[in-house]
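Structure record follows, encoded as structure tokens.
When a ligand or atom number is given, it counts from 1 through the structure's own listing order.
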Amino acid sequence: MMTERARVTMEEITALAKRRGFIFQSSEIYGGIGGFFDYGPLGAILKRNVKNAWWREMVELRDDVVGFDSSIIMHPSTWIASGHVANFHDKMIDCKNCKHRFRADHLATLEKCPDCGMSGTLTEPRVFNLMMQTAIGPLEDSASRTYLRPETAQGIFVNFKNVYQTARKKPPFGIAQIGKSFRNEITPGNFTFRTREFEQAELEYFVPDDGKDLAWYDEWVTARKKWYSDYGVAEERLRFYELTAQERPHYAKAGTDVEYLFPWGWGELESIAHRGTYDLDAHMRLSGKDLSYFDEATKARYTPILIESSAGMDRTTLTMLVDAYDSETIGDPESGKETKRTVLRFHPQIAPVQVGVFPLARNKPELVERARNIERGLRPFARTTYDEGNVGQLYRRQDEIGTPFCIMVDYQSLEDGTVTVRSRDSMQQERVAAETLRLYLTERL
Ligand code: GAP
């Protein structure tokens with residue numbers, strides 16, 4: 001689907017996010033803290049809708065995936081087995097002159113600082129583990145040291161046997177989880193794109209070693225394509241980049257990065273990977289516990305092959321905001337003057353507010369009461385809001401937060417029981433009998 005929309009800058013998105021209460025800098029009154037963000041009232045619902053849309057598709061609408069929720073802090077051995085203690089490193093370089101810090105892989109040359117332009121001021125690359133450390137109990141020594149998880153996946157791997165036994169599942173089947181992860185990123189940036197605390201939605205899908213593993217991988221790539229398309233992300237701003245053998249870890253048979261064209265360029269939203277038996281093997285080796293699967297039917301014992309889909313929920317939420325953004329010049333019906341309209345064209349399931357209800361005049365109690373009643377009546381079926389004030393401003397505010405439908409209660413409503421319903425995208429209004437609103441809206445949301 002080609003989507004002709006005005007392109008937005010990150011400055012516009014950040015300003016809109018703050019103005020309308022989607023996203024704030026964390027601890028703003030203390031000057032903020034790099035790489036952390038807070039979701040305001042609308043942002044919290046937006047992100048929850050993104051997570052619900054993922055959970056609905058990946059868990060609830062399938063009979064081969066079960067849900068899971070593991071702890072953020074795990075036994076430190078987890079991170080030795082997973083390879084994070086030994087390998088989850090970035091190299092950082094500091095400029096001794098301007099104090100700017102860089103990731104070594106972001107610098108083309110070590111000659112000259114790209115920030116202040118001085119030569120000979122960059123330090124040698126220093127290795128830095130990205131896991132956030134914490135300590136359990138009152139003593140901070142090496143015995144109490146552990147980490148905040150850098151991915152949710154390991155909680156699933158170490159519980160593989162607990163889950164398949166209690167859920168009575170047999171490969172092929174998956175375990176899904178949404179939760180916080182932490183990485184001590186050297187250079188957080190691009191708003192909520194690269195942060196130090198973020199949420200991941202991970203599906204770990206275990207398949208038998210029967211030669212169909214690559215077909216399962218393809219199936220998951222297709223399923224994830226459909227998800228983004230179902231929720232309206234513009235096809236031309238989304239790409240599925242297949243990793244070459246050199247770009248993938250040695251144990252991975254295939255890998256695809258899902259990328260979105262942000263205002264600064266392409267950025268990764270999700271990685272889909274065929275990880276072989278690497279993760280379960282690693283935990284079996286270090287723990288000495290058996291995580292293989294015994295198939296009663298064939299009497300065969302095997303370690304299932306893993307297909308993983310790991311999506312960032314903050315990045316997907318940011319994608320929904322950026323992708324929905326549009327601005328257009330319209331003629332004001334009353335004054336005839338041209339005005340600019342900013343509109344977020346969210347998918348109705350993603351929109352934080354789905355229906356706004358207003359009285360035409362706030363000083364007419366009959367209109368106010370009728371509008372309030374309509375809003376209350378629709379509340380169990382949609383995310384609604386009641387507001388009052390200048391009509392043009394009411395519509396503008398709802399357009400800017402992406403509300404698909406606005407209902408206006410006017411004098412005719414008092415006579416014949418109809419209201420006007422205005423569509424966000426077409427700005428067309430139609431008269432609908434108030435008693436049929438529930439059906440009218442549920443068909444369109
Ligand atoms: N278990 C596999 C895994 O964690 P990953 O590619 O490192 O794979 C998956 O991370 C997704 O998590 C990324 O595609 C991204 O959406 C999100 N993510 C990773 N680091 C992030 C960060 N610093 N800030 C926000 N999201 C991040």
Are the side chain of Thr146 and the backbone of Met74 linked by a donor-acceptor contact shorter than 3.5 Å?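 Yes; at least one donor-acceptor contact below 3.5 Å.
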
Please check: side-chain N/O of Arg149 versus main-chain N/O of Lys180, any donor-acceptor pairing under 3.5 Å?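 Here the side-chain-to-backbone pair exists.
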
Ligand 1 N/O within reach of Pro150 N/O, cut-off under 3.5 Å: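 No - when backbone and side-chain N and O of Pro150 are compared with those of ligand 1, no distance drops under 3.5 Å.
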
Has Thr195 got any heavy atom lying under 4.0 angstrom from an atom of ligand 1?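 Distance cut 4.0 Å: Thr195 passes for ligand 1.
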
Select the closest option to [atom] among [options], judged by heavy-atom distance.
atom	options	value
atom 5 (P) of ligand 1	Glu308, Glu151, Glu199, Arg183	Arg183
atom 4 (O) of ligand 1	Glu259, Met313, Gln200, Glu204	Gln200
atom 18 (N) of ligand 1	Phe198, Phe182, Phe88	Phe198

Angle class for the Phe102/His100 ring planes (parallel below 30°, perpendicular above 60°, tilted otherwise)?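 Rings of Phe102 and His100: parallel, as their planes differ by under 30°.
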
On the 0 to 90° scale, with breaks at 30° and 60°, tag the Phe157-Phe206 ring pair as parallel, tilted or perpendicular.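 Geometry flag for Phe206 against Phe157: perpendicular rings.
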
Under 4.0 Å, heavy-atom basis, I'd like to know which part of Asp257 is in contact with ligand 1: side chain, backbone, both or neither.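 Contact part for Asp257 vs ligand 1: neither.
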
Tell me which protein heavy atom sits closest to [atom], plus the residue, atom name and distance to 0.1 Å.
atom	value
atom 17 (C) of ligand 1	Gly312 CA, 3.7 Å
atom 15 (C) of ligand 1	Arg315 NH1, 3.4 Å
atom 8 (O) of ligand 1	Ser271 OG, 3.7 Å
atom 11 (C) of ligand 1	Ser310 O, 3.7 Å
atom 13 (C) of ligand 1	Glu268 OE2, 3.3 Å
atom 16 (O) of ligand 1	Leu269 O, 2.8 Å

Does Phe193 have its ring centroid less than 6.0 Å away from the ring centroid of Trp264?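 Centroid distance Phe193-Trp264: below 6.0 Å, so yes.
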
What I want to check is whether the side chains of Thr187 and Arg103 have a donor and an acceptor closer together than 3.5 Å.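 No, Arg103 and Thr187 have no side-chain donor paired with an acceptor closer than 3.5 Å.
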
When you check the side-chain N and O atoms of Tyr205 and Glu219, is any donor under 3.5 Å from an acceptor?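 Short answer, no.
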
Within the structure provided, determine whether Phe88 and Tyr147 are in side-chain contact (heavy-atom separation under 4.5 Å).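 Answer no - side chains too far apart.
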
Quick check for you: to the nearest 0.5 Å, what is the distance between Met313 atom CE and Ile178 atom CD1?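 Output value for this atom pair is 6.0 Å.
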
Hey, which atoms in ligand 1 end up nearer than 4.0 Å to a heavy atom of [X]?
X	result
Arg194	23 (N), 24 (N)
Glu270	14 (O)
Glu202	1 (N), 2 (C), 3 (C), 4 (O)
Phe193	24 (N), 25 (C), 26 (N)

Does NZ or CZ of Arg237 lie under 6.0 Å from the centre of the six-membered ring of Tyr260, at an angle within 45° of the ring axis?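 Here Arg237 fails the 6.0 Å and 45° test against Tyr260.
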
